[in-house]
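Below is one structure, written out as structure tokens, with a few remarks after it.
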Amino acid sequence: MKRFHLVYFAVFCSASFTLYGAATFVGGSTCMSCHEGESESWRGSHHDLAMAVVNDETVLGDFNDREITASGVTSRFFRKDGGYYVRTDGADGELHDYKIAYTFGWYPLQQYLIEFPRGRFQALGIAWDSRAEEQGGQRWFHLYPEEVVDSRHPLHWSGRDQTWNYQCAECHSTHLQKNYELKTDSYQTRWSDIDVACEACHGPGSEHVAWGRAVEKNPDQRNDADKGLVVSLADRDGAHWVTDEESGKPTRSLPRTEHTEIELCARCHSRRGTIWGEYEYGQPLADNYRLVLLNDDLYFPDGQIKDEVYVYGSFIQSRMYRAGVTCSDCHNPHSLELRAEGNSLCTRCHQPMRYDSKTHHHHETDSTGAACTACHMPQRTYMVVDERADHSLRVPRPDLSDRLGTPNACSGCHADKTTQWAAERVAGWYPNSDYRGNHFGETLEAATNGEPGAASSLLALAADMEQPGIVRATALDRLAPSVQAQHHFTLQRLLGDEDPLVRAAALRTLAAFDITAQVDLGWPLLEDPVRSVRLEAASLLAQLMPHKLPEKFRAQLSSAIREYVQSQAVNAERPESHLNIGLVATAMGKATQAEEAYRTALRLDPEFVPGYVNLVDLYRRLDKDNAGEKLLREAIIRVGEDADLQHALGLLLVRQKRLQEALVPLQKASLLAPDRPRYAYVYALALQGAGDLPQALAVLADVNERHPGRREILSALIELHGAQGNSEAVRRYSDELSRYAPATE
């Protein structure tokens with residue numbers, strides 16, 4: 001099922017002047033009274049128009065009794081009593097009239113926010129296409145046209161997953177204070193500016209205002225280093241871009257040592273999760289957010305964008321990022337417009353005679369194929385109409401498309417040609433290119449497919465300092481299920497890597513090691529300078545709390561766990577946060593707190609399957625399987641057929657020695673989740689235990705064919721065929737295990 005895109009919008013209009021250290025937020029109007037040029041540039045920008053109160057000037061959509069039918073529901077947009085309304089299906093599946101409270105965004109689409117009880121605002125699933133009519137715009141459209149999104153669907157506009165306060169608000173308003181209260185499941189959300197104004201990037205401005213007033217009295221203070229700013233975005237190292245005489249390529253006159261500007265932009269222009277309540281200006285991104293890695297559902301194997309990932313995860317893969325390029329090298333930070341049009345933007349640094357020429361791009365001048373962005377920043381369309389450029393700025397690799405099934409810029413235009421044709425063309429133009437050969441995408445894809453030797457390749461990729469940090473961290477995450485003792489020394493080195501993404505991912509691999517190795521390797525990172533790394537260490541080592549520890553170490557671990565729980569409370573409206581709190585409490589041996597956390601998760605979302613599964617597992621630990629069975633059967637009635645619930649029920653019945661009864665839910669789990677070989681493996685073992693060896697072997701053979709190279713499955717096939725005296729099958733599966741052994745040893 002396609003997941004929702006995390007790009008929606010914000011809540012109550014209220015000035016909120018909360019302290020940030022010594023500085024407070026003063027509101028954008030105060031800044032604009034002095035910075036007229038920047039203000040004029042900002043007005044009308046996407047930041048300025050990120051969110052607005054509904055009125056005749058801000059609403060772009062046609063509310064003159066216009067109708068649209070989607071997912072079997074006909075919605076009508078109309079005016080009444082001076083307000084803007086939509087009649088559409090609500091959480092109960094019935095049609096209701098809803099008043100529009102705020103506009104969200106401007107171009108190429110505009111969404112609309114509707115107020116619900118307890119301070120909650122929801123982003124309507126139908127949006128206005130604000131493009132010109134000749135471009136297909138000026139129409140209402142549904143954001144998920146290929147799905148039937150009814151009131152029970154997790155993507156339905158009235159559901160928790162589409163709540164503005166959680167999903168959208170932080171990035172569309174300035175100094176947003178979510179103010180969620182768990183007890184009442186309610187919000188009192190506030191902001192200092194409704195849109196993305198000055199202090200969203202520059203931080204609270206009261207000290208800067210005080211500096212400006214002081215300068216009026218004493219001009220000598222004009223040269224103060226920080227000018228009272230909480231964070232300075234000025235490039236103070238005096239660097240500029242020059243052409244390297246030997247290579248002919250642009251290079252920065254001084255190496256970039258800080259990434260403050262890029263990480264500030266990444267606060268919103270990235271796919272990430274919030275891990276701290278109050279954003280800390282000027283601090284590393286990983287102190288406030290956990291960046292999503294190159295997951296298969298978000299990126300293609302070679303790192304190209306697939307789902308909507310908001311630029312940063314792509315850009316940090318690029319050679320330009322490594323060379324020191326920042327966002328403002330290409331974009332005006334106030335108007336957000338590009339600093340030049342067309343290829344002129346790129347030739348500000350790259351020699352036009354060399355790059356903006358037919359000898360380089362091999363297309364007719366001024367044609368689509370001659371545009372730098374056509375080859376190096378191909379676009380994908382999100383939210384039906386919104387084209388986003390891939391910021392990894394990669395050289396097209398149609399040769400990889402043949403092997404990995406990845407898109408490439410050539411085939412994007414030449415749809416009538418094969419990828420092999422494109423690869424041959426590129427190879428003919430650049431026979432000695434440095435941009436061909438091995439690519440990290442091949443290693444990631446091999447791991448996804450369970451190919452022999454994948455684990456060793458992943459570890460080598462993670463240790464390759466020439467690769468981007470996000471790639472190396474992704475390799476470690478893919479390695480985690482098959483990590484082995486012999487990886488110990490490389491992982492030890494990676495736990496001290498300079499990139500916090502790599503350190504955090506290396507910590508996650510330690511879950512497969514024994515407790516001694518986890519303590520030896522993971523304990524020092526409880527005091528890592530970056531919060532996201534400390535949180536991983538705390539989660540890993542919480543299991544030590546039930547043991548006898550010297551007071552010094554217990555205090556250190558307790559402090560780290562408190563920070564972890566505090567980080568989860570940032571998103572207290574989400575059941576996932578309470579699940580994580582419950583898991584840590586379980587690891588600490590605090591059953592009462594764990595049960596409370598799981599129950600809270602289920603109160604927030606009665607269909608949250610992980611809450612049921614983990615609560616049932618807690619009951620197992622407490623020897624309360626009868627309560628667990630009752631809970632699981634209630635969950636199956638409420639949620640419907642679900643592989644995780646069926647598997648949990650099957651395991652519980654096995655524990656109760658009701659083996660024949662257990663076969664039914666275990667088989668259902670394996671059929672409902674064919675992509676999870678573990679479920680088929682457990683079902684096969686249950687069949688064996690029930691005396692049906694032929695069927696057990698058939699299930700194992702089938703899952704081995706679909707998921708080759710799984711050690712536990714191959715070992716079971718060898719053992720069961722051996723018990724039957726089938727030496728030929730034993731030899732065949734033993735040979736297969738030998739081929740795949742490097743991937744799991």
Side-chain angles (χ1 to χ4, degrees), residues 2-9 44-52 54 56-79 84-88 100 102-113 123-149 155-157 162 168 172 304-311 336-338 341-342 366-371 373-375 377-391 407-416:
K2 181 174 66 178
R3 297 302 300 162
F4 54 88
H5 300 135
L6 305 179
V7 279
Y8 302 39
F9 321 91
S45 70
H46 282 232
H47 280 175
D48 176 23
L49 303 171
M51 181 171 166
V54 163
D56 292 347
E57 294 182 355
T58 60
V59 173
L60 299 178
D62 185 350
F63 281 77
N64 294 312
D65 287 320
R66 290 285 300 272
E67 291 186 343
I68 175 177
T69 300
S71 296
V73 175
T74 297
S75 301
R76 181 170 66 93
F77 294 85
F78 62 98
R79 299 288 305 272
Y84 292 79
Y85 288 81
V86 59
R87 183 169 180 79
T88 192
I100 307 298
Y102 297 101
T103 64
F104 206 60
W106 187 262
Y107 185 88
L109 70 155
Q110 186 175 70
Q111 289 182 265
Y112 300 93
L113 301 182
L124 192 65
I126 301 170
W128 177 254
D129 185 342
S130 54
R131 299 174 302 164
E133 191 171 358
E134 55 268 26
Q135 294 178 298
Q138 301 302 296
R139 65 188 177 101
W140 291 104
F141 68 97
H142 199 282
L143 290 168
Y144 305 100
E146 298 177 0
E147 298 190 47
V148 178
V149 184
L155 295 176
H156 192 262
W157 73 274
Q162 305 288 2
C168 332
H172 283 258
Q304 291 188 74
I305 57 176
K306 180 190 290 185
D307 205 331
E308 195 162 11
V309 290
Y310 312 111
V311 178
L336 310 183
E337 295 176 353
L338 293 172
E341 294 184 2
D366 296 329
S367 68
T368 300
T373 54
C375 290
M377 299 183 73
Q379 295 182 327
R380 288 179 68 84
T381 301
Y382 303 102
M383 301 182 80
V384 183
V385 299
D386 194 1
E387 292 185 336
R388 305 283 180 93
D390 191 322
H391 278 63
N408 68 84
C410 305
S411 299
C413 288
H414 300 280
D416 59 330

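If you're wondering where the values come from, they're calculated on a predicted model, not measured in any experiment. Note: hydrogens, waters and symmetry copies are ignored here, and every other heavy atom, side chains too, is used.
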Do the side chain of [X] and the main chain of [Y] share a donor and acceptor less than 3.5 angstrom apart?
X: S71; Y: V149; value: yes
X: Q162; Y: G125; value: no
X: T381; Y: V384; value: no

Separation between [atom1] of [X] and [atom2] of [Y], rounded to the nearest 0.5 Å:
X: R388; Y: I305; atom1: CZ; atom2: CD1; answer: 9.0 Å
X: F77; Y: E67; atom1: CZ; atom2: CD; answer: 10.5 Å
X: Y107; Y: L60; atom1: OH; atom2: CG; answer: 11.5 Å
X: T69; Y: I126; atom1: OG1; atom2: CD1; answer: 9.0 Å
X: D386; Y: D129; atom1: CG; atom2: CG; answer: 10.0 Å
X: D390; Y: K306; atom1: CG; atom2: NZ; answer: 13.0 Å

How about D65: does its CG atom have over 12 heavy atoms from other parts shown lying under 6.0 Å from it?
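Counting neighbours around CG of D65, more than 12 heavy atoms of other residues, nucleotides or ligands fall under 6.0 Å, so yes.
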Please report the shortest heavy-atom distance between [X] and [Y], naming the atom on each side.
X: R131; Y: Q138; result: O-NE2, 2.9 Å
X: M383; Y: F141; result: O-CE1, 3.5 Å
X: L155; Y: E147; result: CD1-OE2, 3.8 Å
X: I68; Y: H142; result: CD1-N, 4.0 Å
X: V86; Y: F78; result: C-CE2, 4.1 Å
X: D62; Y: W140; result: O-NE1, 2.9 Å

Decide yes or no for [X] and [Y]: does some side-chain heavy atom of the first lie under 4.5 Å from some side-chain heavy atom of the second?
X: Y112; Y: T103; result: yes
X: L143; Y: Y382; result: no
X: V385; Y: R139; result: yes

List the steps and the verdict of ring-ring contact (aromatic ring centres under 6.0 Å, His included) for W157 and Y144.
CA-CA 11 Å; W157 73 274; Y144 305 100; over 10 Å; no
Residue pair R79 / Y85, side-chain donor-acceptor N/O under 3.5 Å:
no
